[in-house]
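The figures here come from the full heavy-atom set of this structure, side chains too, leaving out hydrogens, waters and symmetry mates. Throughout, numbering of the chain's residues begins at 1 and tracks the sequence. As the structure lists them, so they are numbered: ligands from 1, and atoms in each ligand from 1.
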Amino acid sequence: MIYLDHAATTPLRAEVLEAMLPYLTGEFGNPSSAHSMGRRARAGLDEAHERVASRLGAEPREVVFTSGGTEANNLAIKGAAWAGKARGHRLVTTPIEHHAVGHTMRYLEKFGFEVVEVGVDRYGRVDPDELDAAITDKTTLVSVMLGNNEVGTIQPIEEIAERVHAHKGVLLHVDAVQAAPYVDLDVGRLGADLVAIAAHKFEGPKGVGALWVRHGTHILAQQQGGTQERHRRAGTENVAGAIGLAAAYDLACGERPETNRRLKKQRERLTAAVLTVEGTEATGHPARRLPGILSLIARDTDGSSVALGLDLEGICCSVGSACTTGSTEVSHVLSAMGYPPDEARGALRLSLGRTTTDAEIDTACEVAPRVIASMRLGSAALAADPLGQGVGSAS
Ligand SMILES: Cc1ncc(COP(=O)(O)O)c(C=O)c1O
């Protein structure tokens, strides 16, 4: 199989497994235990905080390990919204966020929060001026993702952060889950207050994430129990997972320039090949985008049928995003970008990763256009002859 679904998840890297293994076997102590085994687990966990913090240009105490990107986003948004409730109930976001953000916002509406969505342009970019205009004295939190998981567009977070912080007391949360391996998250430069990442997007284990919380930022813990993670996330820590995240993030950051260069070239080659098919259009921003995500619309096709056709030919990819697979709704991201439902239905996402080889792209360049073209022909024939009675055929 050729795996072109790295935006959904990535394989666990051998060096990462190696770093985790001692803590999944002999070193199984609880980091809260006072004895030597507990202290060794604590030392491993402390080192994981330090490694992640150093790659973020942050302090180890600012990093909270979670059960993944979804929990990190929930903790940031609910934690900040509730902590700021006495000051205001208005939350500002965009319509292209991952459901881990969008559905969290919907949930908060049930408790009296007002959620305002600032639109995006055809490329999926937010206008910092429009965002600025949506912030009132009742606003406590703004949430904007860094890299979009469906179309790959990167938001101008530094500019957005400047506008947000011109309003006293307003926090900026950034869902960087999809962007983390490809964009430098130096938090001093980025200017956010809360940043979420997830290990499985950069060859770390699934079910482990981290939330960076700027020192002095008050968030309310979203689960009650012990005092772990400095009272911000109760529950015995996933020591091996945290160590895996730290090791994977360290490697991804160190190799980023080289990985990004290679992925961009491979993606451009594959994009050129698929766009030879009539009726196809690349989606997302042409330049300000994650290097490995190729998102397109093939008109007069159904994305799930194309993805199935590609799967049968040995290529794994996604329809828009993995999280919406199985649902009949068209992508909320493409809708917000102005694509009508009949076009958005033909959305496809091929996402490359660090382990994608040039030989795999060679094959994909041959297979993908052929499969997409055959699906378009199939749907054209179906439209002309819905009952299969030979109407409109040459014979
Ligand atoms: C942008 C974005 N945010 C959040 C998530 C959720 O992360 P997790 O699957 O680790 O819960 C994803 C996962 O695809 C994502 O792409």
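A perpendicular orientation is assigned to the rings of W82 and F113, their planes being inclined by more than 60° (bins at 30° and 60°). Between H99 and H103, the ring-plane angle classifies as parallel under the 30° and 60° cut-offs.
Only the side chain of N73 comes within contact range of ligand 1, with a heavy atom under 4.0 Å; no backbone atom does. Only the side chain of M145 comes within 4.0 Å of ligand 1, counting heavy atoms alone; its backbone N, CA, C and O stay farther away. Counting heavy atoms under 4.0 Å from ligand 1, residue D175 touches it through the side chain alone. Under 4.0 Å from ligand 1, not a single heavy atom of K206 appears.
Residue-ligand proximity, T70 to ligand 1, at heavy-atom distances under 4.0 Å covers atoms 6 (C), 7 (O), 8 (P), 11 (O). Close approach to H200 involves these atoms of ligand 1, each under 4.0 Å from a residue heavy atom: 8 (P), 9 (O), 10 (O). Every atom of ligand 1 is numbered from 1 in the order shown, and the set under 4.0 Å from a heavy atom of A198 is 10 (O).
Between E255 and R13 there is a salt bridge, since at least one side-chain N of the basic residue sits less than 4.0 Å from a carboxylate O of the acidic one. Electrostatic pairing of R90 and D137 does not count as a salt bridge here, judged by no charged N lying under 4.0 Å from a carboxylate O.
Considering backbone and side-chain atoms alike, G69 places an N or O below 3.5 Å from some N or O of ligand 1. The N/O atoms of Q178, backbone and side chain alike, include one that comes under 3.5 Å of an N/O atom in ligand 1.
Put simply, no part of E97 is less than 4.0 Å from ligand 1, judged by heavy atoms.
In this structure, the side chain of R87 does not engage the main chain of G84 through any donor-acceptor pair within 3.5 Å.
Minimum interatomic distance between V187 and G57 (heavy atoms only, all atoms of both residues): CG2-O, 3.9 Å.
Heavy-atom neighbours of E278 CD from other residues, nucleotides or ligands within 6.0 Å: at or below the threshold of 12.
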